[in-house]
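The next block holds one structure in the form of structure tokens; read it before the comments.
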Amino acid sequence: MSEFDTLIAAARAARENAYAPYSNFRVGAALRASSGRIFGGCNVENASYGLTVCAERVALFKAISEGERGFDAIAVVTDAEKLTPPCGACRQLIWEFCGDVPVVLANLQGGVEVHPMRELFPRPFDSSNF
Ligand code: THU
């Protein structure tokens with residue numbers, strides 16, 4: 001039992017709703033807000049491919065649009081043996097809203113790794129740059 005089990009379970013549940021008919025790569029994410037609320041998201045693909053939105057950004061935009069601002073952790077779940085980290089675009093967005101949170105990478109086989117956001121996104125561009 002780890003402190004991230006609930007978050008991983010939420011990401012796993014969100015993954016069930018993944019709309020990924022083009023890649024067949026189903027992703028679930030979950031974000032824990034400082035309010036205690038957990039927001040899940042799944043990837044949503046599109047026939048135009050480029051309009052696809054990653055699970056992490058769906059979770060983030062759900063939370064932001066509900067008025068949340070502070071976040072404690074984010075989890076990403078796939079069925080890949082090699083654990084799936086957020087893509088570059090998602091890292092930029094996670095940094096903006098979550099800062100140096102623990103990023104929990106998990107798969108359906110029970111693999112779990114926790115990486116500080118700082119490690120995944122070492123020299124960020126953010127509002128401190130201008
Ligand atoms: N994807 C995510 O949702 N999150 C990630 O961290 C990596 C990639 C999605 C986008 C696309 O629907 C599929 O995975 C394949 O790239």
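All figures in this text were calculated on a predicted structure; none of them were measured in a lab. Just so you know, ligand 1 is whichever comes first in the structure, and atom 1 is the first atom listed for that ligand. Computed from heavy atoms alone, side chains included, the values below leave out hydrogens, waters and symmetry copies.
With hydrogens and angles ignored, the 3.5 Å screen pairs no side-chain donor or acceptor of Glu56 with any backbone N or O of Ile94. Judged by distance alone, with hydrogens and angles left aside, the side-chain atoms of Arg69 form a donor-acceptor pair with the main-chain N or O of Ile64 at under 3.5 Å.
Two residues are said to be in side-chain contact when any heavy atoms from C-beta on lie closer than 4.5 Å; Phe61 and Leu93 meet this criterion. Side-chain contact check for Ser23 versus Glu45: some heavy-atom pair is nearer than 4.5 Å.
Listed by first and then second residue, the ring pair (Phe, Tyr, Trp, His ring centres under 6.0 Å) pairs that reach into residues 22-50 are Tyr22-Tyr49, sequence neighbours excluded.
Here the CD-CZ distance, from Gln92 to Arg57, works out to 11.0 Å after rounding to the nearest 0.5 Å.
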Per-pair distances, ligand 1 N/O vs protein N/O, less than 3.5 Å:
from, atom 1, to, atom 2, distance (Å)
ligand 1, 3 (O), Ala55, N, 2.9
ligand 1, 4 (N), Glu56, OE1, 2.8
ligand 1, 6 (O), Glu56, OE1, 3.4
ligand 1, 6 (O), Glu56, OE2, 2.5
ligand 1, 6 (O), Pro85, O, 3.3
ligand 1, 12 (O), Asn43, ND2, 2.9
ligand 1, 12 (O), Glu45, OE2, 2.5

